[in-house]
Amino acid sequence: MVSGEAPQAEGSVRVDVWIWSVRLTKTRSQAAAACRAGHVRVNGERAKPAQALRTSDEVRLRHDGRDRVVVVSKLVKKRVGPPVAAECYVDNSPPPPPREIALQVPVRDRGTGRPTKRDRREMERLQERGPGPGR
């Protein structure tokens, strides 16, 4: 095994480092920012980036519009490849929403400009939202 890939048997690791190491976020700064914003919970409590993480802890992460719920099985301090990363946690996340629902974005013809109030109301009616209170 390459140095850094060997899971550690004991001790603790920073939450932001572990989230980045097992590839739940692309960068460590994204992991730290998620912690500071309150999008990371360890055992039900908000986690700061430097909080110690141990095996069997439950980590809840809200990232890219999706909730991830993982249980730590192995601790790693350095970023590892996807096969090794998959062994470091047990994924209890709910399944992602279907792509049809997640990517429903209204499309306007190019060059039509900004929608008018009438256009906006028509788009809201088509999206079944209806105008909100006070509109």
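Predicted model only: the values in this text are computed from it and were never measured.
Arg46 and Gln51 get closest at one heavy-atom pair: O-OE1, 3.8 Å. Residues Leu61 and Ile19 approach most closely at CD2-CG2, 4.1 Å, considering heavy atoms. Closest non-hydrogen pair, Thr25 versus Gln30, comes out as CB-OE1, 4.0 Å. Heavy-atom minimum distance, Val76 versus Cys88: CG1-SG, 3.8 Å. The two atoms that bring Arg68 and Tyr89 nearest to each other are NH2-OH, 3.9 Å, heavy atoms only. Contact detail for Lys77 and Ser12: the closest heavy-atom pair is CE-O, 4.0 Å.
A donor-acceptor distance shorter than 3.5 angstrom exists from the side chain of Trp18 to the backbone of Lys74, with no hydrogens or angles considered.
Atom-to-atom distance recorded for Leu24:CG and Asp16:CG is 12.5 Å, nearest 0.5 angstrom.
Screening residues 56-66 for side chain to side chain donor-acceptor pair (under 3.5 Å), with sequence neighbours left out, gives Asn43-Asp57, Glu58-Arg60, Arg62-Asp67.
There is no path of hydrophobic side-chain contacts, each under 4.5 Å, that joins Trp20 to Val42.
The shortest side-chain heavy-atom distance between Ser73 and Glu87 does not fall under the 4.5 Å cut-off. Arg54 has its side chain out of reach of Val72: every pair of non-hydrogen atoms, C-beta onward, lies at least 4.5 Å apart.
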Side chain to side chain contact (heavy atoms under 4.5 Å, CB included) between Leu75 and Thr55: does it pass, once the steps are laid out? CA-CA 7 Å; Leu75 297 175; Thr55 56; 4.1 Å; yes

Does the salt bridge (charged side-chain N to carboxylate O under 4.0 Å, His left out) test come out yes or no for Glu122 and Arg125, once each step is laid out? CA-CA 5 Å; Glu122 182 69 20; Arg125 186 184 64 76; 2.6 Å; yes

